[in-house]
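Reviewing the structure listed below.
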Amino acid sequence: MKALISVDMEGISGIVHSSETNPERYDYQRGRELMTAEANAVIAGVLDAEPTADVLVADAHGTFRNLLPEQLDRRARLVRGKPRALNMLAGLDEETDAALFVGYHVRAGEGPGVLAHTMNGEILDVRVTGRAQGEDVRITGHTPGEGAQVTAHAPGDAAQVTAHTPGDGAQVTARTPGGGVQLTAHAPGEDVRTTGRSLGEIGLNAAMAGHLGVPVVLLSGDDAACAEAAALIPEAVTVPVKEALGMAAAVTLHPEEARDRLRRAAADAVSRRAEIPPLALTGPLDVEVDLASPHTIDLATLVPGVSRTAGARTVAFTAPDYGTAYRLILLLAQLATIRPA
């Protein structure tokens with residue numbers, strides 16, 4: 001049995017402020033120790049259930065060099081550093097039996113959520129429209145504060161997706177033989193909407209795991225992150241280690257209590273992995289990305305297949321599958337960090 005544990009930092013018990021997650025801030029070392037201890041609890045839980053499991057741990061925060069190698073359970077292997085394929089999911093492949101997300105946070109624009117964001121604040125919005133076999137579905141996605149509507153259509157009808165951002169909107173109507181399911185993504189900082197629901201790092205990464213046929217069996221973080229995961233993957237085990245009061249405030253479990261719960265939950269989740277379906281978005285996928293900087297838009301159009309749309313801040317591309325779309329979204333996020341010379 002092979003398991004990948006992807007460990008972010010903002011959703012770790014006890015952590016509520018960027019001073020605990022930023023290498024340049026005074027409380028970062030304590031944050032690293034808390035992060036490493038929670039990773040160890042999940043490693044132990046996986047191995048309680050599957051003593052011979054091959055366990056990989058992907059450091060998935062910021063520089064990807066946060067977990068303390070010398071303090072990590074020696075029975076696991078550590079994936080650290082960047083850039084790397086699959087980003088927060090480095091080490092994941094088709095042979096992986098289960099993915100576990102530890103210390104994750106809620107998406108940008110949602111909350112209250114501790115240190116809520118999605119990947120890169122320079123990306124304002126991502127809209128992904130996918131087509132799957134089956135009945136047509138009408139999905140209307142709105143930004144936080146507005147409603148969401150899902151309406152089923154009979155096979156053969158067109159499926160319509162509308163995604164709105166504050167002050168503007170985009171509409172896609174698609175039709176496939178036998179009907180199609182339309183998936184719309186939207187996000188400040190890289191939110192994604194699927195079936196009327198916005199996805200951040202939780203959904204983006206869960207869908208990438210699903211593309212490889214791997215279920216996400218466990219997620220830990222604050223209560224908002226757990227609710228986001230439960231809405232996407234109801235069968236997955238969620239472990240809320242703190243209750244968010246705001247962007248930088250929470251009621252948090254004692255770290256040792258959080259670790260005890262995580263160990264038990266990880267063992268349970270891995271034992272039930274066959275009951276938890278992967279989250280899969282079926283291609284082809286039409287992707288629109290809203291970028292904050294005109295300079296980034298200029299850079300993005302240098303990528304083959306990426307074109308500027310009629311909107312002043314939007315680029316678009318079509319991907320044959322979610323794996324391709326995921327990698328291109330990551331590339332655009334990196335381009336957004338480049339400043340004009």
Side-chain angles (χ1 to χ4, degrees), residues 4-11 18 21-24 28 31-32 35-36 39 56-69 72 76-96 99-105 107-108 115 117-124 126 128 185 187 189-192 199-212 214 216 285 287 289 291-293 295-306 315 317 319-341:
L4 178 81
I5 304 172
S6 174
V7 189
D8 206 348
M9 204 168 190
E10 290 86 356
S18 60
T21 63
N22 187 329
E24 298 179 359
Y28 172 66
R32 298 179 77 187
M35 179 187 187
T36 304
L56 274 70
V57 178
D59 190 321
H61 174 74
T63 63
F64 297 167
R65 301 191 307 272
N66 309 279
L67 290 166
L68 299 168
L72 197 69
R77 293 179 292 147
L78 174 62
V79 185
R80 73 192 306 256
K82 67 189 322 182
R84 65 196 193 193
L86 296 189
N87 203 47
M88 297 173 73
L89 299 178
L92 188 79
D93 58 24
E94 294 89 344
E95 303 302 316
T96 305
L100 301 90
F101 292 174
V102 179
Y104 270 54
H105 52 81
R107 60 184 172 84
L115 299 173
H117 69 279
T118 307
M119 290 189 182
N120 190 321
E122 295 298 315
I123 295 183
L124 302 175
V126 178
V128 179
E190 198 174 20
D191 279 349
V192 176
L199 307 182
E201 292 170 30
I202 294 170
L204 288 169
N205 290 331
M208 185 61 229
H211 176 69
L212 297 175
V214 181
V216 175
L285 300 166
V287 182
V289 182
L291 300 164
S293 167
H295 177 68
T296 305
I297 295 173
D298 293 340
L299 292 174
T301 58
L302 298 176
V303 178
V306 177
V315 296
F317 62 87
D321 54 53
Y322 185 78
T324 303
Y326 181 81
R327 288 174 173 86
L328 275 172
I329 291 169
L330 294 179
L331 176 59
L332 294 177
Q334 289 303 305
L335 291 178
T337 67
I338 299 175
R339 297 292 178 262

Notebook entry, point to check: Does the side chain of V79 come within less than 4.5 Å of D59's, by heavy atoms?
Noted result: no

Next item on the list: Test D321 against L285 for side chain to side chain contact (heavy atoms under 4.5 Å, CB included), laying out the working first.
Entry: CA-CA 6 Å; D321 54 53; L285 300 166; 5.8 Å; no

Note to self: Assess the residue pair V315 and L291 against the criterion (side chain to side chain contact (heavy atoms under 4.5 Å, CB included)); give the C-alpha distance rounded to whole Å, side-chain angles, the decisive distance to 0.1 Å, and a yes or no.
What the structure shows: CA-CA 8 Å; V315 296; L291 300 164; 4.0 Å; yes

Checklist line | side chain to side chain contact (heavy atoms under 4.5 Å, CB included) assessment of L204 paired with I202 | finding: CA-CA 6 Å; L204 288 169; I202 294 170; over 6 Å; no

Note to self: Looking at every heavy atom in both A99 and V214, which two are closest together, and how far apart are they?
What the structure shows: N-CG1, 3.8 Å

Notebook entry, point to check: Which of parallel (below 30°), tilted (30 to 60°) and perpendicular (above 60°) describes F101 and Y104?
Noted result: parallel

Notebook entry, point to check: Taking atom CG of L332 and atom OG1 of T337, what is their separation to the nearest 0.5 Å?
Noted result: 11.5 Å

Check: Which heavy atom of L92 sits nearest a heavy atom of A209, and at what distance?
Finding: CD2-CA, 3.6 Å

Notebook entry, point to check: What's the shortest heavy-atom distance between A90 and R84, and which atoms?
Noted result: CB-NE, 3.2 Å

Item checked: Side chain D93, main chain T96, donor-acceptor under 3.5 Å -> yes

Next item on the list: Might you point out which heavy atoms bring M9 and G31 nearest each other, and give the distance in Å?
Entry: CE-C, 3.2 Å

Notebook entry, point to check: Checking H117 side chain against L115 main chain: does a donor-acceptor pair fall under 3.5 Å?
Noted result: yes

Next item on the list: Tell me yes or no: between the side chains of D8 and H61, is some donor less than 3.5 Å from an acceptor?
Entry: yes

Checklist line | Check: T36 and L72 side chains under 4.5 Å, non-hydrogen atoms | finding: yes

Notebook entry, point to check: Under 4.5 Å between any side-chain heavy atoms of L212 and L86, yes or no?
Noted result: yes

Checklist line | Spatial distance of atom CG (L56) from atom OG (S6) [nearest 0.5 Å] | finding: 11.5 Å

Notebook entry, point to check: Measuring from F64:CZ to L78:CG, what's the distance to the nearest 0.5 Å?
Noted result: 12.0 Å

Next item on the list: Report yes if the side chains of T63 and R80 come closer than 4.5 Å at any heavy-atom pair, otherwise no.
Entry: no

Note to self: Distance check, rounded to the nearest 0.5 Å: H295 atom NE2 versus I297 atom CD1?
What the structure shows: 11.5 Å

Next item on the list: May I ask you to test the R107-E201 pair for a side-chain heavy-atom distance under 4.5 Å?
Entry: no

Item checked: Close side-chain approach of T21 and Y28, heavy atoms under 4.5 Å -> no

Note to self: Do V57 and R77 make a side-chain contact, defined as non-hydrogen atoms from C-beta onward lying under 4.5 Å apart?
What the structure shows: no

Item checked: Greater than 12 external heavy atoms within 6.0 Å of R65's CZ -> no

Checklist line | Residues L100, L4; criterion side chain to side chain contact (heavy atoms under 4.5 Å, CB included); working and verdict | finding: CA-CA 6 Å; L100 301 90; L4 178 81; over 6 Å; no

Notebook entry, point to check: Should M208 and Y322 count as side-chain neighbours, where that means a heavy-atom distance under 4.5 Å?
Noted result: yes

Note to self: Please tell me whether N205 and Y326 have a donor and an acceptor in their side chains that are separated by less than 3.5 angstrom.
What the structure shows: yes

